[in-house]
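Only a predicted model underlies this, so the values are computations on that prediction, with no experimental measurement involved.
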Amino acid sequence: MNKIITFGEIMLRLSTERFLRFSQAKSFTATYGGGEFNVAVSLANLGLTSEFVTILPDNEIGECAQMEMRKRGVASNNVLIEGDRLGIYFLETGAGTRSSNVVYDRANSAMANIEEGAFNWNTILKDALWFHWSGITPAISNSAAKECLKAIKTAHKLGLTISCDLNYRSKLWKYGKEPHEVMPELLKYSNIILGDIDTAYFMLGENKQYPNYQDLKSLPSLYDNIFDKCSSLKFIATTLRYSVSASHQRIGGILYDRKNIYDADIKEVTPVVDRVGSGDAFMGGLIYGLLSSEDKQKAINIAVASCCLKHTIYGDYNLVSVEDINKFLSGENTGKVSR
């Protein structure tokens with residue numbers, strides 16, 4: 001009863017090399033990634049039992065994606081093999097004042113074409129402790145949104161802790177529905193939500209807010225309105241990102257439980273090796289922190305440390321251990337060679 005299950009899509013990532021623009025690239029570096037899978041990898045690296053549920057195409061690329069799961073220590077017992085293609089995303093990595101850019105090629109992927117009722121969630125979730133999903137899955141297709149809701153309702157019925165990273169992607173949501181038409185029903189069962197206040201309001205169909213996260217006293221009333229809309233909610237977390245440039249980020253975080261606000265100190269991260277997946281690293285760190293300690297301040301500190309360390313690692317995954325996080329939190333973050 002200690003397994004954490006995540007549900008979503010794993011994709012093939014094709015990245016330009018050495019900060020090249022797409023128009024300059026003559027080759028791409030192939031890796032794998034995807035929001036919910038990245039969380040599962042983080043948890044496995046932190047010593048927890050994680051499983052990823054998805055659909056992969058019945059071809060060699062699908063086989064490679066499943067090999068990647070096994071390589072990263074993530075269980076794939078309930079992966080369905082059907083469909084024709086794995087989703088792809090192209091990444092042009094920014095530097096300095098030039099932002100990174102993502103182009104999706106994931107339409108008609110095996111996961112996007114999921115049929116409602118594809119998974120027996122009662123069986124999949126019966127021995128699990130925690131279920132994690134994100135706003136990416138209900139954005140890729142109407143059928144994926146319906147299957148995600150079925151998984152969430154089953155997890156709620158079975159008494160699992162349910163977490164969600166809002167993960168709004170403006171380049172998705174192309175099947176005729178807006179987030180506010182889909183997300184409220186899914187979010188009302190979630191116990192933990194990670195996201196900005198403005199994104200949460202937008203997805204819940206409320207007027208967008210633009211809070212000052214430096215003014216902690218102004219935040220509870222804004223967070224409380226989200227609690228009012230999401231009846232199962234216990235915690236809301238927000239990743240604080242202050243982008244000096246693509247190569248220099250300032251990272252902090254907030255955790256709120258409707259009683260207290262816990263905020264982590266802002267950390268400087270420079271140079272940035274790879275920002276993609278850093279929000280998933282925050283989520284993985286937060287789940288680990290909440291499971292490993294009743295100290296909420298420690299939990300948000302672990303989440304921020306995880307996020308900061310991910311910025312130093314190439315690829316989607318946060319390949320850090322508990323020891324790495326503890327060193328960071330203790331101030332051992334000078335980058336000296338360990339001998």
**OP:** Please test Ile10 against Leu86 for side chain to side chain contact (heavy atoms under 4.5 Å, CB included), starting from the C-alpha separation and ending with a verdict.
**Re:** CA-CA 8 Å; Ile10 185 172; Leu86 190 74; 4.3 Å; yes

Take atom [atom1] of [X] as the centre, draw a 6.0 Å sphere, and report whether it contains more than 12 heavy atoms from other residues, nucleotides or ligands.
X: Asp84; atom1: CG; value: no
X: Lys150; atom1: NZ; value: yes
X: Lys71; atom1: NZ; value: no
X: Asn212; atom1: CG; value: yes

**OP:** Dump the intermediate steps for ring-ring contact (aromatic ring centres under 6.0 Å, His included) on Tyr104 and Phe90, then the final yes or no.
**Re:** CA-CA 6 Å; Tyr104 291 114; Phe90 296 86; over 10 Å; no

Original post:
With the 4.5 Å side-chain cut-off for hydrophobic clustering, are Ile325 and Leu286 part of the same group?
Top reply: yes

So [Y] and [X], do their side chains get closer than 4.5 Å, heavy atoms only?
X: Asn191; Y: Leu233; answer: no
X: Phe282; Y: Ile300; answer: yes
X: Gln66; Y: Glu63; answer: no
X: Leu56; Y: Leu80; answer: no
X: His156; Y: Ile162; answer: yes
X: Trp133; Y: Ser190; answer: yes
X: Leu43; Y: Val74; answer: no
X: Val269; Y: Arg250; answer: no

Is [X] reaching over with its side chain to a backbone N or O of [Y], donor-acceptor style, under 3.5 angstrom?
X: Ser163; Y: Ile192; value: no
X: Tyr317; Y: Tyr32; value: yes
X: Glu147; Y: Gly117; value: yes
X: Arg85; Y: Ala107; value: yes
X: Ser109; Y: Ala112; value: yes

Minimum-distance pair of heavy atoms, taken over all atoms of [X] and [Y]:
X: Val304; Y: Gly253; value: CG2-N, 3.5 Å
X: Ala151; Y: Phe131; value: CB-CZ, 3.7 Å
X: Ile140; Y: Ala144; value: CG1-CB, 3.7 Å

Will you find, in the side chains of [X] and [Y], an N or O donor that is under 3.5 Å from an N or O acceptor?
X: Asn38; Y: Lys310; value: no
X: Thr6; Y: Trp130; value: no
X: Tyr223; Y: Thr238; value: yes
X: Tyr242; Y: Glu268; value: no
X: Glu36; Y: Thr137; value: yes
X: Gln297; Y: Asn301; value: yes
X: Ser27; Y: Glu17; value: yes
X: Ser42; Y: Asn45; value: no
X: Ser278; Y: Arg241; value: yes

Original post:
Less than 6.0 Å separating the ring centroids of Phe227 and Tyr256?
Top reply: yes

Original post:
Under 6.0 Å between ring centres, would you say that holds for Phe52 and Phe7?
Top reply: no

In Å, rounded to the nearest 0.5 Å, how long is the span from [atom1] of [X] to [atom2] of [Y]?
X: Ile136; Y: Cys148; atom1: CD1; atom2: SG; answer: 11.0 Å
X: Asp263; Y: Tyr213; atom1: CG; atom2: OH; answer: 13.0 Å
X: Ile287; Y: Ser292; atom1: CD1; atom2: OG; answer: 11.5 Å
X: Ile193; Y: Ile226; atom1: CD1; atom2: CD1; answer: 7.0 Å
X: Ser143; Y: Glu115; atom1: OG; atom2: CD; answer: 8.0 Å
X: Asn77; Y: Ile124; atom1: CG; atom2: CD1; answer: 10.0 Å

Hey, are [X] and [Y] close enough for a salt bridge, meaning a charged N less than 4.0 Å from a carboxylate O?
X: Lys208; Y: Asp196; result: no
X: Lys229; Y: Asp224; result: no
X: Asp257; Y: Lys234; result: no

**OP:** Evaluate the ring planes of Trp121 and Phe119, with Trp represented by its six-membered ring, and classify them as parallel (under 30°), tilted (30 to 60°) or perpendicular (over 60°).
**Re:** tilted

Original post:
Can Phe22 and Asn101 be said to form a side chain to side chain contact (heavy atoms under 4.5 Å, CB included), step by step?
Top reply: CA-CA 9 Å; Phe22 285 136; Asn101 185 30; 3.8 Å; yes

Subject >> Derivation and outcome, side chain to side chain contact (heavy atoms under 4.5 Å, CB included), residues Lys3 and Leu129 >> reply: CA-CA 5 Å; Lys3 181 168 56 178; Leu129 172 70; 6.0 Å; no

**OP:** Tell me, with the steps shown, if Gln249 and Thr270 meet side chain to side chain contact (heavy atoms under 4.5 Å, CB included).
**Re:** CA-CA 7 Å; Gln249 302 286 303; Thr270 183; over 6 Å; no

